[in-house]
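Presented below is the structure to which this report refers.
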Amino acid sequence: MHKKVVVFGGGTGISFFLRGFKDFPIDLTAVITVSDNGRSTGKLRQEFHTPAVGDIRQVITNLSTIDEPIKQMMSYRFKTSSDLNGHAVGNLILTSMLDITGSLKESIRSLSKLLDVKHTVLPISEDRDLTLMGEDDKGNIIEGEEQITESPNKIKRIFYKEEPEVLPEVIKAINEADLIILSIGSLYTSILPNIICKEVQLAIDDSKAPIMYVCNAVTQPGETDNFKVSDHIKMLNSYLGKRKIDVVIASNSKITKTIAKKYATEEQKDPVPIDYDEVKKMGVELIEGDLIVIEDNRIRHNSLRLSSMVFSYLMR
């Protein structure tokens, strides 16, 4: 019987992370935030009054075992002067299925079957008006995930406009999990939108499964400037309930000066250093490795190496 793993996240981070798990003998449930209101997803939310589908589309595509051209089609964005401009094909498919079935969960299930996805993908909620809120360090309240990301000020806290109704299957996945993972990705707009839900916090508190955090390779401007590994853990722990992070996976890869300078100047992002003493003081187990690869001049985690590390931990 396969071990059960539940992974929380959103955005590009979790889709890259999960890409390496396709062929591992585990029972994986990916829980995805649905509060995005930017780009194609934001337009579709406004027009069709739906939860956000973009992050879900990315995860399904990366977990798919079908041929690469079909995956590319799912991610293809129209470049036109019409209303289709900027829309990803997969977002349109998910929105149409949602219109047919009336359920995002069922739409995901149908698309997963079509794209031969062996694992389970769930939205954190089916609420159509789910709105992420933020407060910056000057006391300004910001409404909307895109607006939080673009805020020029440092974000102090994250909350929802209204408490989400968490999908029962998400709670069931936590209850049955042998391992709970907080994925790589933006803390404020990819991970926290899942764990700030009261029902999720209570379920994690009741779980006996270890909580693992896969640490980001670079900082996020306005969110985690100057953060080390321990700072990421402290931030997440401050939003968790009684249970805290047990183990962290972090990269010790050497990043070239050229790539580091590119990120610092173009995106105001810096590599996240491992502060060994602080992590040890917190009682968090550290698993480190050379996990970074450069793809198209961009820093990426080696998803296969990362998933192998997670699997080794799970199989102890």
Side-chain angles (χ1 to χ4, degrees), residues 6-12 14-15 29-61 74-75 77-78 83-115 117 120-134 141-150 158-174 185-186 188-203:
V6 59
V7 185
F8 290 96
T12 307
I14 191 171
S15 62
T29 299
V31 181
I32 314 299
T33 176
V34 287
S35 53
D36 188 9
N37 65 329
R39 300 182 73 189
S40 168
T41 292
K43 291 177 188 173
L44 292 171
R45 288 194 75 182
Q46 268 193 326
E47 188 169 349
F48 295 99
H49 190 55
T50 63
V53 296
D55 291 354
I56 289 166
R57 181 257 309 164
Q58 287 189 70
V59 169
I60 291 174
T61 303
M74 289 291 293
S75 300
R77 290 185 186 272
F78 291 98
D83 288 345
L84 280 174
N85 187 53
H87 280 305
V89 170
N91 291 358
L92 296 173
I93 292 172
L94 267 173
T95 302
S96 64
M97 294 180 84
L98 179 52
D99 200 37
I100 293 166
T101 64
S103 163
L104 182 54
K105 177 185 68 177
E106 292 306 320
S107 303
I108 293 167
R109 187 176 294 166
S110 298
L111 187 59
S112 295
K113 187 176 180 182
L114 185 67
L115 297 184
V117 173
T120 303
V121 180
L122 292 172
I124 187 69
S125 171
E126 296 232 17
D127 292 357
R128 293 174 182 244
D129 294 315
L130 201 57
T131 304
L132 194 65
M133 308 286 288
I141 300 298
I142 306 158
E143 182 170 330
E145 183 177 312
E146 185 181 32
Q147 289 70 27
I148 290 167
T149 303
E150 293 176 352
I158 289 290
F159 57 99
Y160 279 116
K161 194 171 187 178
E162 294 179 3
E163 181 67 24
E165 187 176 333
V166 176
L167 219 62
E169 288 86 349
V170 171
I171 304 305
K172 184 173 184 285
I174 297 170
S186 165
Y188 285 105
T189 56
S190 293
I191 303 173
L192 291 181
N194 290 305
I195 65 173
I196 60 175
C197 301
K198 288 190 178 71
E199 292 175 79
V200 170
Q201 287 180 352
L202 291 171

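Start at 1 with the first residue, then count along the sequence.
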- For Ser35 and Glu145 the tightest heavy-atom approach is OG-OE1, 3.1 Å

- Task: Looking only at non-hydrogen atoms, find the nearest pair between Ser75 and Thr61 and report the distance.
- Result: OG-CG2, 4.2 Å

Check whether any side-chain heavy atom of [X] lies under 4.5 Å from a side-chain heavy atom of [Y], and answer yes or no.
X	Y	result
Thr41	Lys43	no
Arg109	Lys113	no
Thr131	Glu162	no
Leu132	Ile158	yes
Pro123	Pro51	no
Ser186	Ile191	no
Leu104	Ile56	yes
Thr33	Thr189	no

- Item | Non-neighbouring partners of Phe159 that pass ring-ring contact (aromatic ring centres under 6.0 Å, His included), sequence neighbours left out |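 Checked Phe159 against ring-ring contact (aromatic ring centres under 6.0 Å, His included); zero matches.
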
Rounded to the nearest 0.5 Å, what separates atom [atom1] in [X] from atom [atom2] in [Y]?
X	Y	atom1	atom2	result
Ile124	Glu165	CD1	CD	12.0 Å
Leu167	Leu122	CG	CG	6.0 Å
Arg39	Asn91	CZ	CG	9.0 Å
Ser112	Ile60	OG	CD1	4.0 Å

- Could you go through the side-chain contact (heavy atoms from CB on, under 4.5 Å) check for Tyr160 and Cys197 one step at a time? CA-CA 9 Å; Tyr160 279 116; Cys197 301; 3.9 Å; yes

Would you say the side-chain atoms of [X] pair up with the backbone N or O of [Y], donor to acceptor, closer than 3.5 Å?
X	Y	answer
Glu199	Val166	yes
Arg128	His49	yes
Asp55	Gly11	yes
Thr120	Thr29	no

- Test: Lys172 and Glu169 ion pair at under 4.0 Å: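 A salt bridge is absent here (no side-chain N lies under 4.0 Å from a carboxylate O).
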
- List the steps, then state whether side-chain contact (heavy atoms from CB on, under 4.5 Å) holds for Ile108 with Met97. CA-CA 8 Å; Ile108 293 167; Met97 294 180 84; over 6 Å; no

Return all side-chain donor-acceptor pairs below 3.5 angstrom for residues 83-90, not counting sequence neighbours, or 'none' if the list is empty.
| residue | atom | partner | partner atom | Å |
| --- | --- | --- | --- | --- |
| Asn85 | OD1 | Thr80 | N | 3.1 |
| His87 | ND1 | Ser40 | OG | 2.8 |

- Query: Between Met133 and Ile142, does a side-chain contact (heavy atoms from CB on, under 4.5 Å) hold up when you go through it step by step?
  - Reply: CA-CA 6 Å; Met133 308 286 288; Ile142 306 158; over 6 Å; no

- Item | Evaluation steps, side-chain contact (heavy atoms from CB on, under 4.5 Å), between Leu92 and Phe78 | CA-CA 11 Å; Leu92 296 173; Phe78 291 98; 3.7 Å; yes

- Task: Answer with yes or no whether the side chains of Ser103 and Thr101 bring together a donor and an acceptor at under 3.5 Å.
- Result: no

- How about Gln46 and Asn37: does a side-chain donor come under 3.5 Å of a side-chain acceptor? no

- Please identify each residue that fulfils side-chain contact (heavy atoms from CB on, under 4.5 Å) with Ser125, with sequence neighbours left out.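 Once residues adjacent in sequence are excluded, the partners of Ser125 under the side-chain contact (heavy atoms from CB on, under 4.5 Å) criterion are Asp127, Leu130, Pro164.
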
- Query: For Gln58, which of Val53, Ile32, Thr12, Ile14 qualifies under side-chain contact (heavy atoms from CB on, under 4.5 Å)?
  - Reply: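 Exactly one pass, corresponding to Thr12.
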
- Take Glu163 and Lys198 through the test salt bridge (charged side-chain N to carboxylate O under 4.0 Å, His left out) and record every step on the way to the result. CA-CA 8 Å; Glu163 181 67 24; Lys198 288 190 178 71; 3.6 Å; yes

